[in-house]
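As C-alpha coordinates, the structure follows; a few thoughts come after it.
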Amino acid sequence: MFVPCDRGGGSAGSDFKGFTLLMPAVSVGNVGQLAIDLVISTLNMTKVGYFYTDCLVPMVGNNPYATAEENSMELSINAEVYSLPSKKLVVLQIRSPFIKNKYRPFCQTLLSWVKNSKCARVVVLSSSHAYQRDDEQLLGTPLRYLLTPDLEKAVGGLMQELNWKEMEKVAAYPGINDTEKVLHIPGGGITKLLFTESCSEGIQMAVLLKFCSEGDNIPDAFALVNYLNEWLQLIKSEVNTSSQWKIPSSWRLLFGNGLPPALF
Amino acid sequence: MATFFGEVVVAPSRAGVDDEEWAEEAREETPEDREIRRELEKKRYRSGGAARPLEIDVLWTLKSGPSLGSSADQPLVCSELIVAIGHSAAAFLSSFILDSVCWEVVGVVKLWNEWCRTSNTTNVLPTDSFCLFYRLISDPTVLLCQCSCYVAEDQQFQWLEKVFGCMQKEGLQVTILSTCPVADYKTQESTLTLPAPFLKALKTKEFKEQICCPLLEQPNIVRDLPAA
(Lines give C-alpha, C1' and ligand atoms only; values in the text may rest on other atoms or scores of the structure.)
Protein backbone atom coordinates (compact mmCIF):
# COMPACT_ATOMS: atom_id res chain seq x y z
CA MET A 1 0.00 0.00 0.00
CA PHE A 2 2.89 2.41 0.68
CA VAL A 3 4.45 3.80 -2.49
CA PRO A 4 7.70 5.69 -1.93
CA CYS A 5 8.35 8.94 -3.80
CA ASP A 6 11.19 9.06 -6.21
CA ARG A 7 13.42 11.42 -4.28
CA GLY A 8 16.68 10.66 -6.08
CA GLY A 9 19.43 10.65 -3.47
CA GLY A 10 17.29 8.38 -1.28
CA SER A 11 17.96 10.01 2.05
CA ALA A 12 16.21 7.65 4.47
CA GLY A 13 13.20 7.77 2.17
CA SER A 14 11.31 4.76 3.36
CA ASP A 15 13.30 3.46 6.29
CA PHE A 16 11.17 4.11 9.34
CA LYS A 17 12.79 1.69 11.74
CA GLY A 18 12.52 3.08 15.27
CA PHE A 19 10.54 6.12 14.12
CA THR A 20 7.42 7.52 15.74
CA LEU A 21 4.46 7.43 13.35
CA LEU A 22 2.08 10.32 13.86
CA MET A 23 -1.30 10.07 12.18
CA PRO A 24 -4.83 11.50 12.40
CA ALA A 25 -8.14 9.75 12.72
CA VAL A 26 -10.83 11.27 10.48
CA SER A 27 -13.04 12.40 13.34
CA VAL A 28 -15.43 15.11 14.53
CA GLY A 29 -14.27 18.56 13.45
CA ASN A 30 -11.37 16.98 11.51
CA VAL A 31 -9.23 18.13 14.47
CA GLY A 32 -6.63 15.38 14.13
CA GLN A 33 -6.11 16.17 10.45
CA LEU A 34 -5.82 19.92 11.11
CA ALA A 35 -3.29 19.26 13.87
CA ILE A 36 -1.25 17.08 11.50
CA ASP A 37 -1.33 19.88 8.91
CA LEU A 38 0.21 22.18 11.53
CA VAL A 39 2.95 19.66 12.33
CA ILE A 40 3.86 19.09 8.67
CA SER A 41 3.76 22.77 7.82
CA THR A 42 5.74 24.00 10.87
CA LEU A 43 8.45 21.34 10.70
CA ASN A 44 8.67 21.73 6.92
CA MET A 45 8.53 17.99 6.48
CA THR A 46 9.45 16.27 3.23
CA LYS A 47 6.97 14.06 1.43
CA VAL A 48 8.41 10.55 1.14
CA GLY A 49 5.50 8.65 -0.35
CA TYR A 50 1.79 7.98 -0.40
CA PHE A 51 -0.70 5.18 0.20
CA TYR A 52 -2.20 3.55 -2.89
CA THR A 53 -5.54 2.52 -1.46
CA ASP A 54 -9.13 1.96 -2.54
CA CYS A 55 -10.41 2.70 0.97
CA LEU A 56 -10.47 6.50 0.83
CA VAL A 57 -12.49 8.85 -1.42
CA PRO A 58 -10.12 10.04 -4.17
CA MET A 59 -9.06 13.68 -4.27
CA VAL A 60 -6.16 15.64 -5.70
CA GLY A 61 -4.94 19.20 -5.56
CA ASN A 62 -1.74 21.21 -5.64
CA ASN A 63 0.71 21.36 -2.73
CA PRO A 64 -1.24 22.39 0.41
CA TYR A 65 1.92 23.51 2.21
CA ALA A 66 3.16 25.74 -0.60
CA THR A 67 4.99 28.84 0.52
CA ALA A 68 5.93 30.26 -2.88
CA GLU A 69 5.26 29.91 -6.60
CA GLU A 70 8.11 27.40 -7.02
CA ASN A 71 6.87 24.79 -4.57
CA SER A 72 3.16 25.18 -5.28
CA MET A 73 3.01 22.82 -8.23
CA GLU A 74 3.49 19.44 -6.62
CA LEU A 75 0.37 17.28 -6.69
CA SER A 76 -1.06 16.09 -3.41
CA ILE A 77 -3.55 13.26 -2.86
CA ASN A 78 -5.68 11.75 -0.11
CA ALA A 79 -3.11 9.77 1.95
CA GLU A 80 0.49 10.92 2.04
CA VAL A 81 3.52 10.21 4.18
CA TYR A 82 6.03 12.84 5.32
CA SER A 83 9.27 12.35 7.20
CA LEU A 84 11.73 14.21 9.39
CA PRO A 85 14.66 11.88 10.08
CA SER A 86 16.33 14.31 12.50
CA LYS A 87 13.44 13.84 14.92
CA LYS A 88 12.82 10.20 13.92
CA LEU A 89 9.33 11.28 12.97
CA VAL A 90 7.15 9.98 10.17
CA VAL A 91 3.72 11.51 9.61
CA LEU A 92 0.73 10.17 7.71
CA GLN A 93 -1.88 12.69 6.59
CA ILE A 94 -5.35 11.51 5.55
CA ARG A 95 -7.35 14.02 3.54
CA SER A 96 -10.66 12.32 2.71
CA PRO A 97 -13.29 10.15 4.37
CA PHE A 98 -13.50 6.37 4.14
CA ILE A 99 -15.52 4.68 1.44
CA LYS A 100 -18.43 2.71 2.90
CA ASN A 101 -17.36 -0.62 4.44
CA LYS A 102 -13.68 0.07 3.76
CA TYR A 103 -12.47 1.40 7.10
CA ARG A 104 -11.77 -2.06 8.52
CA PRO A 105 -9.54 -3.24 5.64
CA PHE A 106 -7.73 0.09 5.83
CA CYS A 107 -6.98 -0.35 9.54
CA GLN A 108 -5.70 -3.88 8.94
CA THR A 109 -3.44 -2.82 6.08
CA LEU A 110 -2.20 0.20 8.02
CA LEU A 111 -1.27 -1.83 11.10
CA SER A 112 0.50 -4.40 8.89
CA TRP A 113 2.50 -1.62 7.34
CA VAL A 114 3.37 -0.26 10.79
CA LYS A 115 4.68 -3.65 11.83
CA ASN A 116 6.61 -4.22 8.59
CA SER A 117 8.28 -0.80 8.69
CA LYS A 118 9.26 -1.46 12.33
CA CYS A 119 8.01 1.88 13.64
CA ALA A 120 8.74 2.15 17.34
CA ARG A 121 5.34 3.58 18.22
CA VAL A 122 2.23 5.18 16.75
CA VAL A 123 0.53 8.33 17.98
CA VAL A 124 -3.04 8.91 16.78
CA LEU A 125 -4.53 12.40 16.98
CA SER A 126 -8.28 12.32 17.27
CA SER A 127 -11.39 13.95 18.71
CA SER A 128 -14.72 12.98 20.24
CA HIS A 129 -18.17 14.57 20.38
CA ALA A 130 -18.23 17.16 23.17
CA TYR A 131 -21.96 16.68 23.70
CA GLN A 132 -21.45 13.06 24.76
CA ARG A 133 -19.42 14.01 27.85
CA ASP A 134 -20.75 13.12 31.27
CA ASP A 135 -21.00 15.61 34.15
CA GLU A 136 -17.45 15.03 35.35
CA GLN A 137 -15.93 15.34 31.92
CA LEU A 138 -17.62 18.71 31.44
CA LEU A 139 -15.26 20.14 34.04
CA GLY A 140 -11.53 20.52 33.60
CA THR A 141 -9.42 19.79 30.56
CA PRO A 142 -11.10 18.57 27.33
CA LEU A 143 -7.92 16.69 26.35
CA ARG A 144 -7.48 12.97 26.96
CA TYR A 145 -4.94 10.25 26.25
CA LEU A 146 -4.90 6.47 25.87
CA LEU A 147 -1.92 4.10 25.85
CA THR A 148 -1.75 0.47 24.77
CA PRO A 149 -0.31 -1.81 27.49
CA ASP A 150 3.05 -2.03 25.68
CA LEU A 151 3.45 1.74 25.53
CA GLU A 152 2.08 2.17 29.07
CA LYS A 153 5.15 0.35 30.35
CA ALA A 154 7.43 2.76 28.50
CA VAL A 155 5.82 6.16 29.04
CA GLY A 156 3.06 5.70 31.61
CA GLY A 157 5.15 7.49 34.23
CA LEU A 158 5.69 10.50 31.96
CA MET A 159 1.93 10.94 31.54
CA GLN A 160 1.59 11.06 35.33
CA GLU A 161 4.24 13.77 35.54
CA LEU A 162 2.54 15.79 32.81
CA ASN A 163 -0.67 15.49 34.80
CA TRP A 164 -2.57 14.19 31.81
CA LYS A 165 -6.03 12.67 32.07
CA GLU A 166 -6.69 9.20 30.75
CA MET A 167 -9.85 8.70 28.69
CA GLU A 168 -12.54 7.34 30.99
CA LYS A 169 -14.38 4.14 30.18
CA VAL A 170 -18.17 4.22 30.19
CA ALA A 171 -20.71 1.69 31.38
CA ALA A 172 -21.52 -0.86 28.70
CA TYR A 173 -25.18 -0.86 29.74
CA PRO A 174 -25.82 2.53 31.35
CA GLY A 175 -28.64 2.60 33.82
CA ILE A 176 -28.85 -1.20 33.97
CA ASN A 177 -25.40 -2.35 34.99
CA ASP A 178 -22.67 0.10 35.90
CA THR A 179 -19.96 -2.40 36.61
CA GLU A 180 -19.04 -3.47 33.07
CA LYS A 181 -17.02 -0.65 31.49
CA VAL A 182 -16.05 -0.24 27.87
CA LEU A 183 -14.07 2.24 25.84
CA HIS A 184 -16.38 4.50 23.84
CA ILE A 185 -15.11 7.24 21.53
CA PRO A 186 -18.18 8.71 19.79
CA GLY A 187 -17.24 10.70 16.69
CA GLY A 188 -13.72 9.30 16.77
CA GLY A 189 -13.87 7.46 13.48
CA ILE A 190 -11.38 4.59 13.39
CA THR A 191 -9.69 5.60 16.67
CA LYS A 192 -11.25 2.90 18.81
CA LEU A 193 -10.66 0.17 16.22
CA LEU A 194 -7.01 1.13 15.76
CA PHE A 195 -6.53 1.24 19.52
CA THR A 196 -8.16 -2.10 20.30
CA GLU A 197 -6.35 -3.83 17.41
CA SER A 198 -3.03 -2.38 18.56
CA CYS A 199 -3.65 -3.60 22.11
CA SER A 200 -4.19 -7.14 20.87
CA GLU A 201 -1.28 -7.05 18.41
CA GLY A 202 1.26 -5.65 20.82
CA ILE A 203 1.77 -2.38 18.94
CA GLN A 204 2.89 0.60 21.01
CA MET A 205 0.16 3.13 20.35
CA ALA A 206 -0.96 6.33 22.03
CA VAL A 207 -4.17 8.18 21.28
CA LEU A 208 -4.42 11.89 22.02
CA LEU A 209 -7.90 13.32 21.65
CA LYS A 210 -9.91 16.43 22.34
CA PHE A 211 -13.59 16.77 23.07
CA CYS A 212 -15.06 19.18 20.53
CA SER A 213 -17.98 20.00 18.27
CA GLU A 214 -18.21 20.82 14.57
CA GLY A 215 -17.56 24.47 13.80
CA ASP A 216 -14.38 26.49 13.58
CA ASN A 217 -12.00 23.79 14.73
CA ILE A 218 -8.76 25.72 14.27
CA PRO A 219 -8.47 26.52 18.02
CA ASP A 220 -9.14 22.82 18.76
CA ALA A 221 -6.32 21.86 16.39
CA PHE A 222 -3.94 24.24 18.16
CA ALA A 223 -4.94 22.85 21.56
CA LEU A 224 -4.36 19.29 20.38
CA VAL A 225 -1.01 20.01 18.76
CA ASN A 226 0.21 21.87 21.89
CA TYR A 227 -0.91 18.86 23.99
CA LEU A 228 1.13 16.60 21.68
CA ASN A 229 4.07 18.97 22.02
CA GLU A 230 4.07 18.68 25.83
CA TRP A 231 5.07 15.07 25.30
CA LEU A 232 7.02 14.86 22.05
CA GLN A 233 8.63 18.33 22.24
CA LEU A 234 8.51 18.83 18.47
CA ILE A 235 9.00 22.58 18.80
CA LYS A 236 10.37 24.62 21.67
CA SER A 237 7.48 25.30 24.00
CA GLU A 238 7.72 28.90 25.02
CA VAL A 239 5.09 30.98 26.77
CA ASN A 240 2.97 31.71 23.73
CA THR A 241 3.23 28.42 21.84
CA SER A 242 0.27 29.10 19.57
CA SER A 243 2.25 31.56 17.57
CA GLN A 244 5.02 29.00 16.95
CA TRP A 245 2.90 26.80 14.68
CA LYS A 246 2.78 27.72 11.00
CA ILE A 247 -0.64 27.71 9.37
CA PRO A 248 -0.46 26.14 5.89
CA SER A 249 -1.59 28.11 2.85
CA SER A 250 -4.38 25.60 2.17
CA TRP A 251 -6.25 26.80 5.26
CA ARG A 252 -7.29 29.92 3.37
CA LEU A 253 -10.98 30.32 2.67
CA LEU A 254 -12.06 27.52 5.03
CA PHE A 255 -15.43 29.16 5.38
CA GLY A 256 -16.15 30.09 1.78
CA ASN A 257 -15.37 32.80 -0.71
CA GLY A 258 -15.55 36.55 -0.41
CA LEU A 259 -19.02 38.05 -0.52
CA PRO A 260 -20.45 39.75 -3.60
CA PRO A 261 -20.47 43.53 -3.00
CA ALA A 262 -23.95 43.68 -4.52
CA LEU A 263 -25.24 41.93 -1.41
CA PHE A 264 -24.96 45.13 0.65
CA MET B 1 -28.80 20.25 17.79
CA ALA B 2 -32.34 21.61 18.12
CA THR B 3 -34.18 23.12 15.17
CA PHE B 4 -36.79 25.91 15.19
CA PHE B 5 -39.54 23.37 15.71
CA GLY B 6 -37.88 21.94 18.77
CA GLU B 7 -37.02 18.50 17.51
CA VAL B 8 -33.48 17.31 18.04
CA VAL B 9 -31.54 16.31 14.94
CA VAL B 10 -28.10 14.84 14.69
CA ALA B 11 -25.81 17.30 12.96
CA PRO B 12 -23.91 15.72 10.07
CA SER B 13 -20.24 15.56 10.87
CA ARG B 14 -17.60 16.81 8.46
CA ALA B 15 -15.56 13.88 9.57
CA GLY B 16 -17.87 11.73 7.50
CA VAL B 17 -18.28 9.24 10.28
CA ASP B 18 -21.57 7.51 10.77
CA ASP B 19 -21.65 6.17 14.33
CA GLU B 20 -24.44 3.72 13.57
CA GLU B 21 -22.40 2.19 10.81
CA TRP B 22 -19.48 1.56 13.18
CA ALA B 23 -21.72 -0.04 15.79
CA GLU B 24 -23.30 -2.33 13.25
CA GLU B 25 -20.00 -3.48 11.83
CA ALA B 26 -18.47 -3.90 15.26
CA ARG B 27 -20.75 -6.84 15.99
CA GLU B 28 -18.93 -10.10 15.23
CA GLU B 29 -20.28 -11.81 12.11
CA THR B 30 -20.68 -15.60 12.17
CA PRO B 31 -20.49 -17.60 8.93
CA GLU B 32 -24.28 -18.01 9.10
CA ASP B 33 -24.70 -14.22 9.36
CA ARG B 34 -22.46 -13.77 6.32
CA GLU B 35 -24.45 -16.27 4.30
CA ILE B 36 -27.76 -14.62 5.24
CA ARG B 37 -26.41 -11.21 4.32
CA ARG B 38 -25.16 -12.49 0.94
CA GLU B 39 -28.54 -14.03 0.12
CA LEU B 40 -30.33 -10.82 1.12
CA GLU B 41 -28.07 -8.76 -1.10
CA LYS B 42 -28.63 -11.07 -4.06
CA LYS B 43 -32.39 -10.81 -3.56
CA ARG B 44 -32.30 -7.02 -3.31
CA TYR B 45 -30.28 -6.78 -6.49
CA ARG B 46 -32.69 -8.99 -8.41
CA SER B 47 -35.66 -6.89 -7.32
CA GLY B 48 -33.80 -3.69 -8.22
CA GLY B 49 -33.30 -2.78 -4.58
CA ALA B 50 -30.62 -0.71 -2.93
CA ALA B 51 -27.72 -3.17 -2.98
CA ARG B 52 -25.89 -3.45 -6.24
CA PRO B 53 -23.00 -5.41 -7.67
CA LEU B 54 -19.74 -3.54 -7.46
CA GLU B 55 -18.46 -5.27 -10.58
CA ILE B 56 -17.52 -3.14 -13.51
CA ASP B 57 -16.93 -4.77 -16.89
CA VAL B 58 -14.61 -3.37 -19.52
CA LEU B 59 -15.37 -4.90 -22.90
CA TRP B 60 -13.19 -4.31 -25.90
CA THR B 61 -14.88 -4.62 -29.28
CA LEU B 62 -11.70 -4.72 -31.32
CA LYS B 63 -11.93 -6.64 -34.54
CA SER B 64 -8.52 -6.02 -36.03
CA GLY B 65 -5.31 -4.07 -35.51
CA PRO B 66 -2.01 -5.70 -34.74
CA SER B 67 -1.05 -3.00 -32.27
CA LEU B 68 -3.90 -3.72 -29.91
CA GLY B 69 -4.53 -6.85 -27.94
CA SER B 70 -7.06 -7.84 -25.32
CA SER B 71 -6.37 -7.80 -21.60
CA ALA B 72 -6.12 -11.59 -21.73
CA ASP B 73 -2.92 -11.61 -23.78
CA GLN B 74 -1.12 -8.34 -24.35
CA PRO B 75 -1.71 -4.89 -22.93
CA LEU B 76 -3.02 -2.24 -25.30
CA VAL B 77 -0.33 -0.10 -26.81
CA CYS B 78 -1.43 3.42 -26.20
CA SER B 79 0.52 6.66 -26.59
CA GLU B 80 -2.24 9.13 -25.85
CA LEU B 81 -5.39 8.66 -23.78
CA ILE B 82 -7.94 11.43 -23.45
CA VAL B 83 -10.64 10.85 -20.84
CA ALA B 84 -13.72 13.07 -20.73
CA ILE B 85 -15.69 12.70 -17.50
CA GLY B 86 -19.17 14.11 -17.08
CA HIS B 87 -21.83 15.30 -19.49
CA SER B 88 -20.18 18.60 -20.45
CA ALA B 89 -16.77 17.12 -21.12
CA ALA B 90 -18.34 14.23 -23.08
CA ALA B 91 -20.40 16.73 -25.09
CA PHE B 92 -17.26 18.74 -25.83
CA LEU B 93 -15.65 15.67 -27.38
CA SER B 94 -18.80 14.83 -29.33
CA SER B 95 -19.08 18.35 -30.71
CA PHE B 96 -15.48 19.13 -31.54
CA ILE B 97 -13.45 15.95 -31.82
CA LEU B 98 -15.44 12.82 -32.53
CA ASP B 99 -16.83 11.87 -35.89
CA SER B 100 -17.59 8.57 -37.57
CA VAL B 101 -14.94 9.09 -40.24
CA CYS B 102 -11.79 9.39 -38.12
CA TRP B 103 -12.81 7.55 -34.96
CA GLU B 104 -14.13 4.05 -34.26
CA VAL B 105 -15.65 2.57 -31.10
CA VAL B 106 -13.33 -0.02 -29.60
CA GLY B 107 -14.59 -0.55 -26.09
CA VAL B 108 -17.30 0.01 -23.52
CA VAL B 109 -17.50 0.02 -19.72
CA LYS B 110 -20.65 -1.49 -18.25
CA LEU B 111 -21.65 -0.53 -14.74
CA TRP B 112 -24.69 0.14 -12.61
CA ASN B 113 -25.23 2.19 -9.48
CA GLU B 114 -28.01 4.11 -7.76
CA TRP B 115 -27.49 7.07 -10.08
CA CYS B 116 -27.24 5.49 -13.50
CA ARG B 117 -26.93 2.37 -15.58
CA THR B 118 -24.80 2.42 -18.71
CA SER B 119 -26.53 1.78 -22.05
CA ASN B 120 -26.14 -1.60 -23.63
CA THR B 121 -25.48 -0.34 -27.13
CA THR B 122 -22.59 1.61 -28.54
CA ASN B 123 -24.96 3.72 -30.62
CA VAL B 124 -25.75 6.15 -27.85
CA LEU B 125 -27.79 9.31 -27.58
CA PRO B 126 -26.31 12.38 -25.87
CA THR B 127 -28.79 11.99 -23.02
CA ASP B 128 -27.83 8.38 -22.29
CA SER B 129 -25.37 7.35 -19.60
CA PHE B 130 -22.43 5.66 -21.23
CA CYS B 131 -18.73 5.04 -21.05
CA LEU B 132 -17.18 4.37 -24.45
CA PHE B 133 -13.68 4.05 -25.85
CA TYR B 134 -12.81 5.34 -29.31
CA ARG B 135 -9.64 4.84 -31.35
CA LEU B 136 -8.23 7.20 -33.98
CA ILE B 137 -8.22 5.21 -37.20
CA SER B 138 -5.17 6.96 -38.62
CA ASP B 139 -3.16 6.38 -35.41
CA PRO B 140 -4.47 3.41 -33.41
CA THR B 141 -2.39 4.30 -30.37
CA VAL B 142 -4.57 7.34 -29.69
CA LEU B 143 -7.53 6.45 -27.52
CA LEU B 144 -10.38 8.52 -26.28
CA CYS B 145 -12.76 7.72 -23.43
CA GLN B 146 -16.14 9.42 -23.12
CA CYS B 147 -17.61 8.78 -19.70
CA SER B 148 -20.93 10.51 -19.15
CA CYS B 149 -22.17 8.05 -16.51
CA TYR B 150 -21.54 8.68 -12.82
CA VAL B 151 -19.02 6.25 -11.38
CA ALA B 152 -19.82 5.79 -7.67
CA GLU B 153 -17.20 6.24 -4.95
CA ASP B 154 -16.80 2.55 -4.33
CA GLN B 155 -16.49 1.80 -8.07
CA GLN B 156 -13.88 4.42 -8.96
CA PHE B 157 -10.84 2.39 -7.93
CA GLN B 158 -12.09 -0.64 -9.80
CA TRP B 159 -12.79 1.44 -12.93
CA LEU B 160 -9.24 2.70 -12.79
CA GLU B 161 -7.66 -0.71 -12.31
CA LYS B 162 -9.73 -2.34 -15.04
CA VAL B 163 -9.20 0.38 -17.63
CA PHE B 164 -5.53 1.07 -16.98
CA GLY B 165 -4.87 -2.59 -16.29
CA CYS B 166 -5.43 -3.21 -20.00
CA MET B 167 -2.91 -0.62 -21.08
CA GLN B 168 0.81 -0.42 -21.44
CA LYS B 169 1.89 2.45 -19.21
CA GLU B 170 5.29 3.37 -20.64
CA GLY B 171 5.19 6.33 -22.99
CA LEU B 172 1.54 6.92 -22.16
CA GLN B 173 0.24 10.46 -21.86
CA VAL B 174 -3.13 10.87 -20.18
CA THR B 175 -5.29 13.98 -20.42
CA ILE B 176 -8.39 14.22 -18.26
CA LEU B 177 -11.20 16.64 -19.11
CA SER B 178 -13.77 17.42 -16.47
CA THR B 179 -16.05 20.15 -15.15
CA CYS B 180 -16.82 21.56 -11.72
CA PRO B 181 -19.43 24.13 -10.69
CA VAL B 182 -18.11 27.70 -10.44
CA ALA B 183 -19.84 27.98 -7.05
CA ASP B 184 -17.39 25.37 -5.71
CA TYR B 185 -14.35 27.43 -6.70
CA LYS B 186 -12.65 28.98 -3.70
CA THR B 187 -11.30 32.46 -4.21
CA GLN B 188 -10.85 35.69 -2.30
CA GLU B 189 -13.49 37.54 -4.36
CA SER B 190 -17.02 36.36 -4.83
CA THR B 191 -17.60 33.90 -7.67
CA LEU B 192 -20.36 36.19 -9.01
CA THR B 193 -17.83 38.51 -10.56
CA LEU B 194 -15.64 35.78 -12.04
CA PRO B 195 -15.67 35.53 -15.83
CA ALA B 196 -16.98 31.98 -16.17
CA PRO B 197 -16.42 29.49 -17.65
CA PHE B 198 -12.68 29.31 -17.07
CA LEU B 199 -10.02 26.64 -17.28
CA LYS B 200 -7.66 25.40 -14.59
CA ALA B 201 -5.21 22.54 -14.70
CA LEU B 202 -3.42 20.03 -12.50
CA LYS B 203 -0.39 18.19 -13.80
CA THR B 204 2.05 15.56 -12.60
CA LYS B 205 5.72 16.48 -12.48
CA GLU B 206 6.38 14.05 -15.35
CA PHE B 207 4.25 16.20 -17.67
CA LYS B 208 6.73 18.45 -19.40
CA GLU B 209 4.67 20.12 -22.10
CA GLN B 210 3.16 23.57 -22.06
CA ILE B 211 -0.23 23.90 -20.36
CA CYS B 212 -2.77 26.18 -21.97
CA CYS B 213 -4.22 27.58 -18.74
CA PRO B 214 -3.23 28.48 -15.16
CA LEU B 215 -2.76 25.79 -12.53
CA LEU B 216 -5.45 25.16 -9.96
CA GLU B 217 -4.62 27.18 -6.87
CA GLN B 218 -4.92 26.00 -3.31
CA PRO B 219 -7.25 25.49 -1.49
CA ASN B 220 -9.18 24.12 -4.45
CA ILE B 221 -9.26 20.37 -4.99
CA VAL B 222 -10.66 17.86 -7.46
CA ARG B 223 -12.52 14.75 -6.38
CA ASP B 224 -14.21 11.56 -7.63
CA LEU B 225 -13.20 9.86 -10.87
CA PRO B 226 -11.02 12.65 -12.28
CA ALA B 227 -9.07 12.63 -9.01
CA ALA B 228 -8.80 8.86 -8.96
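Chain naming here is simple, since letters A, B, ... match the order of the sequence lines and numbering starts at 1 in each.
- Ring pair A:Y65/A:Y82 is perpendicular by interplanar angle, where above 60° counts as perpendicular and below 30° as parallel.
- Atom CG of A:D54 and atom CG of B:D154 lie 10.0 Å apart (nearest 0.5 Å).
- The aromatic rings of A:F51 and A:F106 sit tilted, their planes meeting at an angle between 30° and 60°.
- Most heavy-atom pairs under 4.5 Å with chain A: of the set B:I221, B:L160, B:L202, this distinction falls to B:L202.
- Within the 4.5 angstrom heavy-atom criterion, no atom of A:S96 approaches chain B.
- B:E209 and B:K203 are not joined by a salt bridge, as no carboxylate oxygen comes within less than 4.0 angstrom of a charged side-chain nitrogen.
- Using a 4.5 Å cut-off between heavy atoms, A:N78 does not touch chain B at all.
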